[in-house]
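A short worksheet on the structure shown next.
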Amino acid sequence: MTSVTSEDRKRLVRRLAGDGRGFAEQYGFRVTNNPSSLFQLLCLAVLLARRGDFRRALDAAHALPGNGWDSAARLARSRHVDRVRVLREAGQRGDVAALADVLGDLARTVVERYRGDLRRLRAMAGHDPGRERALLTALPGVDDQVADLFLRETQALWREVAPVADRRALVAARRLGLGRSADDLAELAGGGESERLAWLVGALARVDLEQRYAEVAT
């Protein structure tokens, strides 16, 4: 779409955000403000940030709780050899042993610093978005890209971090004529409605990952 009207944009936003689910929820992950859900979202972000087929990242993210590692505390107690096996069975490629190390270190650090509860990170940051991001990126395996992916989902819950849009969502937004920044998307989503923004941004990221531009644009 090279040129769209204001009404075109509104219709497209309604279509993209209309099912009331963000990216993670579209793929079967719960987005709730509890320790287990938040940690699973962080693991999902770590896996999605790796190169390769995003479907393998989703499979691996599902495989962790599927093997009983549904919290930071449980993953922290897992053995490295078991994490490697589960990740390989889920289709992960490349240096799987290093990835297993990162996930184990991440889990142990979240337990040690925040007693396994990322809500404590938020409280320690005083609900300040910059400080929240700084504490997140101080965790093993969490860089700015991972933080973007995590906050893209949690902005529906941690409203102070909004607006957040990851790289793929912004690529889709530009191609579909919806703007070039997270602020542009927030305005289209209704200003302060961080939940609707999360739905919109998640849907845009999915469009880019699945290359569904032709379908969405019709």
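The nearest pair of heavy atoms linking Ala186 to Pro163 is CB-CB, 3.8 Å. Closest heavy-atom contact between Ala49 and Leu149: N-CD1, 3.9 Å.
Relative orientation of the Trp158 and Phe150 rings is perpendicular, given thresholds of 30° and 60° on the angle between their planes.
Around CZ of Arg115, the count of heavy atoms belonging to other residues, nucleotides or ligands within 6.0 Å does not exceed 12. The environment of CZ in Arg11 is crowded: more than 12 heavy-atom neighbours from other residues, nucleotides or ligands sit within 6.0 Å. Other residues, nucleotides and ligands place no more than 12 heavy atoms under 6.0 Å from the CZ atom of Arg30. In this structure, Glu187 places its CD atom where only 12 or fewer heavy-atom neighbours from other residues, nucleotides or ligands lie under 6.0 Å away.
Distance check: Arg168 CZ to Asp148 CG gives 13.5 Å after rounding to the nearest 0.5 Å. Distance check: Phe23 CZ to Phe54 CZ gives 6.0 Å after rounding to the nearest 0.5 Å. In this structure, CG on Leu197 lies 9.5 Å from CG on Leu188, to the nearest 0.5 angstrom. Rounding to the nearest 0.5 angstrom, the gap separating the CG atom in Asp166 from the CG atom in Asp144 is 13.0 Å. Considering CG of Leu139 and CG of Leu42, their distance stands at 6.5 Å, rounded to 0.5 Å. Interatomic distance, Asp128 CG to Arg133 CZ, rounded to the nearest 0.5 Å: 12.0 Å.
Follow the hydrophobic side-chain contacts under 4.5 Å out from Phe39 and you reach Leu87 in the same cluster. Leu47 and Leu75 fall within a single hydrophobic cluster, where Ile, Leu, Val, Met, Phe, Trp and Tyr are joined by side-chain heavy atoms under 4.5 Å apart, directly or via other members. Hydrophobic clustering, with ILVMFWY side chains joined whenever heavy atoms are under 4.5 angstrom apart, groups Val164 together with Val46.
With hydrogens and angles disregarded, a donor-acceptor distance shorter than 3.5 Å links the side chain of Thr5 to the backbone of Asp8. Arg175 places no side-chain N or O within donor-acceptor distance of the main-chain N or O of Ala173, the cut-off being under 3.5 Å. Under the 3.5 Å distance criterion, the side-chain polar atoms of Glu25 are matched with a main-chain donor or acceptor of Gly22.
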With a 3.5 Å cut-off and sequence neighbours excluded, list the donor-acceptor pairs that the side chains of residues 79-86 form with protein atoms.
residue, atom, partner, partner atom, Å
Arg79, NE, Asp82, OD2, 2.9
Arg79, NH2, Asp82, OD1, 3.2
Arg79, NH2, Asp82, OD2, 3.4
His80, NE2, Ala97, O, 3.1
His80, NE2, Asp101, OD1, 3.3
Arg83, NE, Ala100, O, 2.8
Arg83, NH1, Ser78, O, 2.9
Arg83, NH1, Ser78, OG, 3.0
Arg83, NH2, Ala100, O, 3.3

Worked verdict on Glu160 versus Arg122 for side-chain contact (heavy atoms from CB on, under 4.5 Å): CA-CA 10 Å; Glu160 68 276 6; Arg122 185 188 187 199; 2.8 Å; yes

Test side-chain contact (heavy atoms from CB on, under 4.5 Å) applied to Leu136 and Leu151, step by step: CA-CA 10 Å; Leu136 282 168; Leu151 294 172; 3.9 Å; yes

side-chain contact (heavy atoms from CB on, under 4.5 Å) evaluation trace for Arg50 with Gln92: CA-CA 10 Å; Arg50 299 186 84 221; Gln92 286 295 293; 2.6 Å; yes

Residues Leu16, Val207; criterion side-chain contact (heavy atoms from CB on, under 4.5 Å); working and verdict: CA-CA 9 Å; Leu16 289 167; Val207 167; 4.1 Å; yes

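Both tests hold for Arg206 against Tyr27: distance to the six-membered ring centre under 6.0 Å, angle to the ring axis within 45°.
A side-chain donor from one of Asn34 and Thr32 sits under 3.5 Å from a side-chain acceptor of the other.
With salt bridges taken as basic N to acidic carboxylate O contacts below 4.0 Å, one links Asp117 and Arg119. Note on Asp53 versus Arg55: salt bridge recorded, some NZ/NE/NH1/NH2 to OD/OE distance being below 4.0 Å.
Within the 4.5 Å cutoff, no side-chain heavy atoms of Leu103 are placed close to those of Trp69. At least one side-chain heavy atom of Val110 sits less than 4.5 Å from a side-chain heavy atom of Leu106.
Of the residues listed (Val146, Asp70, Leu64), the one engaging Cys43 in a side chain to side chain contact (heavy atoms under 4.5 Å, CB included) is Leu64, and it is the only one. Test Leu170, Val216, Leu178 against Leu204 for side chain to side chain contact (heavy atoms under 4.5 Å, CB included) and you get one pass: Leu178.
Remark: Arg108 engages Asp105 in a salt bridge (charged side-chain N to carboxylate O under 4.0 Å, His left out) (not counting sequence neighbours).
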